[in-house]
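These values consider heavy atoms only, across backbone and side chains, with no hydrogens, waters or symmetry-generated copies. Below, chains carry the letters A, B, ... as their sequence lines are ordered, and counting in each starts from 1.
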Amino acid sequence: MRIAIATTSAGRVAFLDPDGDLRGECDPADAPREVARLEAEAAPRWVWRDTREWAPALLEAGVRVARCHDLRLCGAILASSTAVAAAGPVARERPAWLPAGPAEGGFESEAAPAASVDRGPVLFDLDQVPEPGTAGSPSVADLVVEHDRQVHLAESSDRPTSMRLLLAAESAGALIAAELHAAGLPWRRSVHERVLEEALGPRPPVGRKPARMDELAAQVRRELEAPTLRLDSQADLLRALRAAGIGVDSTAKWELREHEHPAVAPLLAYKRLARLLSANGWAWLDEWVVDERFRADYVAGGTATGRWATSGGGALQLPKAVRAAVVADPGWSLVVADASQLEPRVLAALARDPAMAAAGRGRDMYRSIVDAGVVATRDEAKVALLGAMYGATTGDSGRLVPQLARAYPRAMALVDRAARDGEAGRQVTTLLGRSSPLPPPSWHAAQAAASQPDATVVDERRARSSARDWGRFTRNFVVQGTAAEWALCWLAGVRTRLAGMAAGGPSAAASGRVFERAPHLVYFLHDELIVHTPAEHADAVADAVRAAAAEAGRLLFGDAPVEFPLDLAVTASYASAGA
DNA sequence: GTGTATGGCGCG
DNA sequence: AAAGCGCGCCATACAC
C-alpha cells in the first residue's frame, strides 16, 4: 500500500492512493496531521520526490512515518545500475522534475550515468532541496507514474529481491538522516570546553591564538632560529625547516616525525592543537552545538559507494579527543555499537571464499588469518587484507598481498576482477545492485590519446596510471559499497525495532518533540551507530541492535557462514565506549 | 573583494 | 611506516 504526496501548483498538499483515488488535499500547515492520520490508518509506504522536502516538517510536528520511497535517491540508483540495463535506455530515463542523486556529478560530471544522456533542463541545484509547488514540480499523479516506472525497473532487474531491498534501505536511510538531524547528538558543552582548555588553555579573545599555541610557536621559532616565522604558512615553514637542516619535502607530520631535530616535537604539538582549534574549537562549538545537541547535516547516499556524507559540522570526522563530550542525558544511556572488521568480512561473504569465510567466523578475523598460517603476525594480516581491498602494490602491504592471494584465491579473484573492469572503463556493481560511476570524459580522452599511432611515452604512462587509479577505485567499490549496504540494512533494522519498542507514543508526539521519551538513533558513521535511550531500556536496545546486525547479514548473504560481530557498549559517554 | 586549488589531517 | 580506498573541512596561496 502506497500513498504519494506532493504539493500542488496552488500550494496545497495532495495525497494519492494506489488506485489513483485522491485521498485528500489540505493546507501545508495541516499536512503533518493528515500524514499522521493516514499513517495510523493505512501504514503506507510514502512515495515522495525527496525525503528532504517532507521529513523535517513532519518531525518538527512530532510525526514519524514507518516507510517511504525516495524517488530521487532510488531514481539515481536505478539510472546507473548495471542490474537493470536490460530494461533499455527509454525506461531508464528519469523525468526532468526529478533531481539528480547526491553522488551524481554536475555538468562536467565524472558520474554521468550511461543511460541519462540528456536529463533536460536543470531545475535544481544539486545540494538544494527542491522547492515544493514551484514551476515544473510534479503532480501527485506524476509521482505515481514515476514510482511505477521505478518499481518496474527493479522488478525487471537481474536481481529483483536485491534491488527491492536496496531501494527500501536507501529510502530508510533518507528518513533516518532526517531523524538524526532532528534528534541531535547529545553534546555536553562543558565537557567539550574542558577538553579544549586542557589542550589549548583558556579561550582566547577573538583574533588571538590560544596561549598554549603561542608558547609552542615561540619554542619552534627559537629552535629553528627563525624569529619572525609564521607557523601557519606552509611555504614559510618548509623554508625555515630546510634552512635549519631538516631535510623534509613537505610539512606533513609523518615526514617530520622521521627527524630528530628539537624543533620537531613542539611543531607537531602545535599542528595538533591548530587542528583541534580550527576543526572542533570554540567556534565550532558555538556554531554547531545548540541546547546540548550537535545537529549534523547528513547526506544519505552522498558518496559513490553509497556511504553517507555530511555537508557541515564534520560529523563523520569527529576526532577521538572530543568524543568525550558525547554524553547521555541524566537517566539515559548511550548504546554504542560498531561492526568490527566489517569490510573484510563482507569480502569473504561476497566472494563465497570458504577459507576466508572460516577466518570470518571468529571474533578477530586478523587473528584467525595468523592462526591459519597465512602470515606471521596480526598486524601483517591486517595490512595484507587492507592492501588487497585497496589495491596496494608497494610497501609492506603490497609485499604481503601475494601470500593472501594463495590462501584466499576466490576473494582475491573478486577484487582483481573488479579492478580489471575499472581499468577497462567498465562499471562494477555491489551485491544489492548499486553500480560504480563511469570514468569521466577526461579519463576516456587519456585512454584514447594513448592508443593513437602518434602517442608519446608520456601519453601512455598517463593513460596507464589513470587506468590503474580507476581500477583501484572499482576494486574497493564492490567491497566498500556492499559494506555500506550491510550497514544501511543494519541501521534500518535498528530503527524499525526501536519504533516498535518503547513509549514514543502519543504523549511524545503531542509535545512536538518526537524523541522525548523513546530510544532513538543519534549517530551513524559507516559501520558504527549510537542509540540514545532511557537507561531502563538500554539492555533491550542492545538486543535490538544485535538482532538487527544478524538480520542484515541474513538479508545480504543468506546463510553464508560469515559472522558480523558487534563491539557494543552501554555507556554514559561515547569516549568510554571502548574500541 | 570572490572563487578555486592545494596541502594537510580528521574519520571510516 | 605513511604506500593503497572513500570522504569533509580548514587555512593558505593564488587566480580573477
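By the 4.0 Å N-to-carboxylate-O rule, Arg495(A) lies close enough to Glu179(A) to be salt-bridged with it. We find that Arg475(A) and Asp421(A) are not joined by a salt bridge, their nearest charged nitrogen and carboxylate oxygen being 4.0 Å or further apart. A salt bridge links Arg212(A) with Glu215(A): the closest approach of a Lys/Arg side-chain nitrogen to an acidic carboxylate oxygen falls below 4.0 angstrom. Using a 4.0 Å cut-off between charged nitrogen and carboxylate oxygen, Asp232(A) and Lys271(A) do not count as a salt-bridge pair.
Checking the phosphate oxygens (OP1, OP2) of dG4(C), no side-chain nitrogen or oxygen of Lys382(A) falls inside 4.0 Å. Taking side-chain N and O atoms only, Lys271(A) has a distance below 4.0 Å to OP1 or OP2 of dC9(B). Look at Ser278(A) and you won't find any side-chain N or O under 4.0 angstrom from OP1 or OP2 of dC9(C). Side-chain nitrogen and oxygen atoms of Lys253(A) include at least one within less than 4.0 Å of the OP1 or OP2 phosphate oxygen of dG10(B).
The nearest whole Å value for the distance from the CG atom in Leu277(A) to the P atom in dA11(C) is 8 Å. Nucleotide dG12(B) holds its P atom 13 Å from the CG atom of Asp567(A), rounded to whole Å. Following rounding to the nearest Å, Trp284(A) (CH2) and dC9(B) (P) show an atom-to-atom distance of 21 Å. Across the protein-nucleic acid pair, Arg468(A) atom CZ and dC5(C) atom P stand 13 Å apart, rounded to whole Å. Protein atom OH of Tyr298(A) is 12 Å distant from nucleotide atom C1' of dC11(B), rounded to whole Å. A straight line from CG of Leu385(A) to C1' of dG4(C) spans 13 Å, rounded to a whole angstrom. The CG-C1' distance, from Leu231(A) to dG7(B), rounds to 16 Å in whole Å. Rounded to whole angstrom, the span from the CG atom of Asp236(A) across to the P atom of dA13(C) amounts to 6 Å.
The residue among Arg257(A) and Arg230(A) whose nearest nucleotide of DNA chain C is located toward the 5' end is Arg257(A). For Gly398(A) and Trp308(A), each mapped to the nucleotide of DNA chain C holding its nearest heavy atom, the one lying further toward the 5' end belongs to Gly398(A).
For the residue pair Asp214(A) / Tyr270(A), no side-chain donor-acceptor distance below 3.5 Å is found, with atom types taken as modelled.
If you check dG12(B), dG4(C), dA2(C) against the side chain of Glu528(A), the one that comes closest is dG12(B). The side chain of Tyr390(A) has dG4(C) as its nearest neighbour among dC7(C), dG8(B), dG4(C). Checking dG8(B), dG4(C), dC9(C) against every side-chain atom of Thr251(A), the shortest atom distance belongs to dG8(B). Proximity note for Ala309(A) (side chain, C-beta onward) versus dG12(B), dG8(C), dA13(C): the nearest is dG8(C). Residue Asp232(A) places its side chain closer to dT12(C) than to any other of dT12(C), dG4(C), dG6(C). Taking the side chain of Phe473(A) as heavy atoms from C-beta on, and the options dA13(C), dC5(C), dC11(B), the nearest nucleotide is dC5(C). Of the candidates dA2(C), dA13(C), dC11(B), the closest approach to any side-chain atom of Ala235(A) belongs to dA13(C). Side-chain proximity of Gln234(A) to dG6(C), dC11(B), dG7(B): nearest is dG7(B). Side-chain proximity of Gln317(A) to dG10(B), dG12(B), dA2(C): nearest is dG10(B). Checking dG10(B), dC7(C), dG12(B) against every side-chain atom of Asp527(A), the shortest atom distance belongs to dG12(B).
Pairing for dG4(C) is absent, judged as Watson-Crick or G-U wobble with the two contacts each under 3.5 Å.
Using a 4.0 Å heavy-atom distance criterion, Gly313(A) is classed as a sugar-phosphate-only contact. Within the nucleic acid shown, Arg275(A) comes within 4.0 Å of at least one base atom, counting heavy atoms only. Within the nucleic acid shown, Thr310(A) comes within 4.0 Å of sugar-phosphate atoms alone, with no base atom in reach, counting heavy atoms only. Nucleic acid contact for Gly302(A): none, since no nucleic acid atom lies under 4.0 Å from a heavy atom of the residue. Within the 4.0 angstrom heavy-atom criterion, only backbone atoms of the sugar-phosphate kind lie near Arg323(A); the bases stay farther away. Across all strands, Arg475(A) comes closer than 4.0 Å to no nucleic acid atom at all (heavy-atom distances). Using a 4.0 Å heavy-atom criterion, one finds that Leu342(A) contacts no nucleic acid atom at all.
Classification of the Phe557(A)-Phe564(A) ring pair by plane angle, with boundaries at 30° and 60°, yields parallel.
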Task: Trp282(A) and Trp288(A): CA distance, side-chain angles, deciding distance, ring-ring contact (aromatic ring centres under 6.0 Å, His included) verdict - done: CA-CA 10 Å; Trp282(A) 291 278; Trp288(A) 288 101; over 10 Å; no
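Taking atom P in both dA5(B) and dG4(C), one finds a spacing of 24 Å when rounded to whole Å.
Under 3.5 Å, the side chain of Arg307(A) and the base of dC7(C) form no donor-acceptor pair of N or O atoms.
Under the 3.5 Å distance criterion, the side-chain polar atoms of Arg295(A) are matched with a main-chain donor or acceptor of His181(A).
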